[in-house]
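In what follows, a structure is listed as structure tokens, so that the remarks can point back to it.
Here the structure is a predicted model, which is why all the values come from computation and not from measurement.
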Amino acid sequence: MNFELAIFDMDGTLVDSLIFWEWFWKKCGKDFLNDENFRPNTEDDKAARTMLFVDSMSMIHKKYGIAQSGKELYEYGNKAVAEFYSFVKLKKGVLEYLKYLKSKN
């Protein structure tokens, strides 16, 4: 294979990040509502996944009373994203392929 560069979509391609929202809802429920089974209704869950993160946190705050403000929930969410990506795993074969690409400069 001869090419000069490679561009990857990280989420779902390099890492299996599709579990983020399930993990995040449980974390929110535990930390704010004392309910690890928290999950927004289907419509709100779908909307949150497709909006800008700042807007989704504002919506979740308004509809479910999580955190003192949308801004607080957004800041909490940013920390949660960093936490999530500290333990999320690379998909099978990704590390080997990235090493291969590096060896080819």
Side-chain angles (χ1 to χ4, degrees):
M1 216 183 287
N2 284 334
F3 48 89
E4 294 182 29
L5 60 99
I7 299 172
F8 298 95
D9 172 50
M10 186 171 142
D11 293 322
T13 302
L14 299 180
V15 298
D16 188 8
S17 57
L18 299 177
I19 62 168
F20 170 75
W21 287 102
E22 301 305 321
W23 174 84
F24 182 68
W25 297 138
K26 285 182 182 183
K27 183 172 178 54
C28 283
K30 178 182 174 193
D31 291 348
F32 290 102
L33 304 172
N34 199 26
D35 178 7
E36 288 186 36
N37 295 315
F38 168 75
R39 182 181 175 136
N41 68 44
T42 303
E43 182 179 304
D44 293 341
D45 179 50
K46 184 177 178 181
R49 293 171 188 241
T50 60
M51 299 167 75
L52 292 173
F53 196 58
V54 67
D55 295 336
S56 66
M57 294 301 96
S58 179
M59 176 196 68
I60 294 299
H61 162 71
K62 287 176 186 172
K63 288 195 166 191
Y64 297 93
I66 297 176
Q68 295 297 314
S69 66
K71 181 180 179 189
E72 180 187 351
L73 187 55
Y74 174 69
E75 290 169 357
Y76 169 88
N78 281 330
K79 290 177 185 172
V81 168
E83 179 184 345
F84 177 79
Y85 281 103
S86 74
F87 67 78
V88 72
K89 304 286 186 218
L90 290 174
K91 293 183 98 172
K92 184 177 179 181
V94 167
L95 183 59
E96 294 80 8
Y97 188 61
L98 292 175
K99 285 179 179 180
Y100 167 77
L101 291 175
K102 184 176 181 179
S103 76
K104 300 295 183 185
N105 290 319

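- The CE atom of M57 lies 9.0 Å from the CG atom of N78; values are rounded to the nearest 0.5 Å.
- Nearest heavy atom pair, residue A48 against residue S56, reads O-CB, 3.4 Å.
- To the nearest 0.5 Å, the span separating OH on Y97 from CZ on F8 amounts to 5.5 Å.
- When all heavy atoms of N41 and Y64 are compared, the closest pair comes out as N-OH, 3.0 Å.
- Contacts classified as salt bridge (Lys or Arg N to Asp or Glu O under 4.0 Å) and involving residues 83-105 (residues at least two apart or in different chains) are given here: K27-E83.
- Here the CG atom belonging to N105 is positioned 13.0 Å from the CG atom belonging to L5, to the nearest 0.5 angstrom.
- Once rounded to the nearest 0.5 Å, the distance linking NZ of K26 with CG of D35 reads 11.0 Å.
- Nearest heavy-atom pair, E72 versus F32, reported as atom, atom and distance to 0.1 Å: OE2-CE2, 4.1 Å.
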Requested in this report: Start with the C-alpha gap between F38 and I66, add the side-chain angles, then the distance that decides, and say whether side chain to side chain contact (heavy atoms under 4.5 Å, CB included) holds.
Outcome: CA-CA 11 Å; F38 168 75; I66 297 176; 3.6 Å; yes
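- Nearest heavy atom pair, residue D45 against residue P40, reads N-CB, 4.0 Å.
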Requested in this report: Could you give me the CA-CA distance, side-chain angles and deciding distance for L95 and Y100, then say whether side chain to side chain contact (heavy atoms under 4.5 Å, CB included) is met?
Outcome: CA-CA 9 Å; L95 183 59; Y100 167 77; over 6 Å; no
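- Counting heavy atoms from C-beta on, the side chains of R39 and E22 come closer than 4.5 Å.
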Distance-only donor-acceptor pairs under 3.5 Å for side chains of residues 13-21, two or more places apart:
residue : atom : partner : partner atom : Å
T13     : OG1  : D9      : O            : 2.9
S17     : OG   : D11     : OD1          : 3.0

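- The distance from the CG atom of N37 to the NZ atom of K30 is 12.5 Å, given to the nearest 0.5 Å.
- Ring geometry for Y76 against F24 counts as tilted: the plane angle lies between 30° and 60°, on a 0 to 90° scale.
- Expressed to the nearest 0.5 Å, how far SG of C28 lies from NE2 of H61 amounts to 12.5 Å.
- The stretch residues 53-65 participates, sequence neighbours left out, in these salt bridge (Lys or Arg N to Asp or Glu O under 4.0 Å) pairs: D44-K63.
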